[in-house]
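Some notes on the structure that comes next.
Since this is a predicted model, take the numbers as computed values, not measurements.
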Amino acid sequence: MSKNLLKFLQIINLQIKIIMALEIKEEHGILKIIGTLNTKTSLLATNHMRKLLDIKDKMLVSLEEVKFADDSAIFNFETLYLEAINLNKILVLFGLENKSIKDTLKRTNTNYIFSPDRE
């Protein structure tokens with residue numbers, strides 16, 4: 001196998017792993033983010049949500065099923081949240097009680113972007 005082909009296959013494998021690490025689906029008007037949020041997957045998610053905000057005035061987003069989120073992922077969501085405010089759009093993020101992301105939210109001081117969780 002040539003070095004170029006091997007390198008190409010490694011890149012494809014990495015891209016598949018990134019894609020499989022995150023699932024975005026809409027259920028009953030709520031966009032659910034499921035899986036792992038890191039720099040790359042959070043950019044995929046927030047870019048998708050930006051496109052939806054172009055056609056919607058309000059979006060509900062659940063991070064209740066996120067298994068892990070690093071600091072850069074949470075900062076990407078904070079940026080999107082602030083962009084929505086500047087566009088006079090409503091972006092409701094919930095999942096504040098998700099133990100998998102709670103420490104990251106505290107460490108990054110970004111709890112404020114989340115709405116109180118559903119009771």
Side-chain angles (χ1 to χ4, degrees):
M1 189 176 300
S2 74
K3 288 182 183 180
N4 287 340
L5 180 58
L6 184 59
K7 188 172 184 176
F8 173 75
L9 291 174
Q10 288 172 337
I11 291 169
I12 294 298
N13 189 35
L14 177 62
Q15 290 174 342
I16 290 169
K17 285 181 182 177
I18 290 169
I19 291 168
M20 292 179 67
L22 184 71
E23 181 180 355
I24 303 169
K25 63 182 179 178
E26 188 168 354
E27 286 184 5
H28 310 292
I30 298 172
L31 200 64
K32 291 185 172 190
I33 309 296
I34 303 164
T36 300
L37 286 171
N38 56 38
T39 302
K40 291 183 181 188
T41 59
S42 66
L43 285 172
L44 290 171
T46 55
N47 285 339
H48 178 70
M49 289 187 281
R50 272 186 192 90
K51 289 176 184 172
L52 291 174
L53 280 172
D54 283 343
I55 58 174
K56 294 183 172 194
D57 290 327
K58 181 178 183 179
M59 188 170 18
L60 304 175
V61 180
S62 169
L63 277 74
E64 295 173 320
E65 296 182 57
V66 169
K67 305 296 182 218
F68 171 81
D70 65 17
D71 293 6
S72 64
I74 297 301
F75 287 132
N76 285 333
F77 276 86
E78 180 184 35
T79 299
L80 179 65
Y81 176 81
L82 296 172
E83 288 172 6
I85 290 171
N86 287 333
L87 294 170
N88 292 318
K89 304 277 184 154
I90 299 170
L91 176 62
V92 179
L93 299 170
F94 53 94
L96 191 57
E97 293 304 316
N98 179 344
K99 293 177 183 173
S100 300
I101 63 173
K102 203 171 196 173
D103 289 341
T104 306
L105 295 172
K106 286 181 184 177
R107 184 174 53 256
T108 57
N109 198 27
T110 52
N111 289 342
Y112 76 95
I113 68 173
F114 281 78
S115 297
D117 281 350
R118 299 176 290 174
E119 303 272 334

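Contact annotation: the side chain of L60 never approaches that of H28 to less than 4.5 Å [non-hydrogen atoms, C-beta and beyond]. The shortest distance between side-chain heavy atoms of D70 and T104 does not fall below 4.5 Å. At a threshold of 4.5 Å between non-hydrogen side-chain atoms, the residues F114 and I101 count as touching. Contact check for L53 versus L87: no side-chain heavy atoms found under the 4.5 Å cut-off. Using a 4.5 Å cut-off on side-chain heavy atoms (C-beta onward), L91 and L80 make contact.
Cluster membership for L52 and I85, using ILVMFWY side-chain heavy atoms within less than 4.5 angstrom, is shared. In the hydrophobic cluster analysis, where Ile, Leu, Val, Met, Phe, Trp and Tyr join through side-chain heavy atoms closer than 4.5 angstrom, M59 is grouped together with L82. Side-chain heavy atoms closer than 4.5 Å link hydrophobic residues (I, L, V, M, F, W, Y) into clusters, and following such links, even through other members, never connects I34 to V61.
Distance alone, capped at 3.5 Å, places no donor-acceptor pair between the S42 side chain and the N76 backbone. Judged by distance alone, the side chain of N98 and the main-chain N or O of L63 form a donor-acceptor pair under 3.5 Å. A distance-only check finds a donor-acceptor pair linking the side chain of T41 to the backbone of T36 [under 3.5 Å].
Within 6.0 Å of CG in N109 there are 12 or fewer heavy atoms belonging to other residues, nucleotides or ligands. Remark: K56 NZ is packed, more than 12 non-hydrogen atoms of other residues, nucleotides or ligands lying under 6.0 Å away.
Taken to the nearest 0.5 Å, the OG atom of S62 stands 10.5 Å off from the NZ atom of K25. A distance of 4.0 Å separates CZ in R50 from CD in E83, rounded to the nearest 0.5 Å. Interatomic distance, CD1 of I55 versus NZ of K89, reported as 9.0 Å (0.5 Å rounding). Between L37 atom CG and L43 atom CG the span is 10.5 Å, to the nearest 0.5 Å. In this structure, NZ in K102 is found 14.5 Å from CZ in R107, a value given to the nearest 0.5 Å. Taking NZ from K51 and CG from N47, the interatomic distance works out to 6.5 Å, rounded to the nearest 0.5 Å.
Of all heavy-atom pairs between I113 and F77, the closest is CD1-C, 4.1 Å. Residues I24 and A45 approach most closely at CD1-CA, 3.7 Å, considering heavy atoms. Between G95 and E64, the shortest heavy-atom contact is CA-CG, 3.8 Å.
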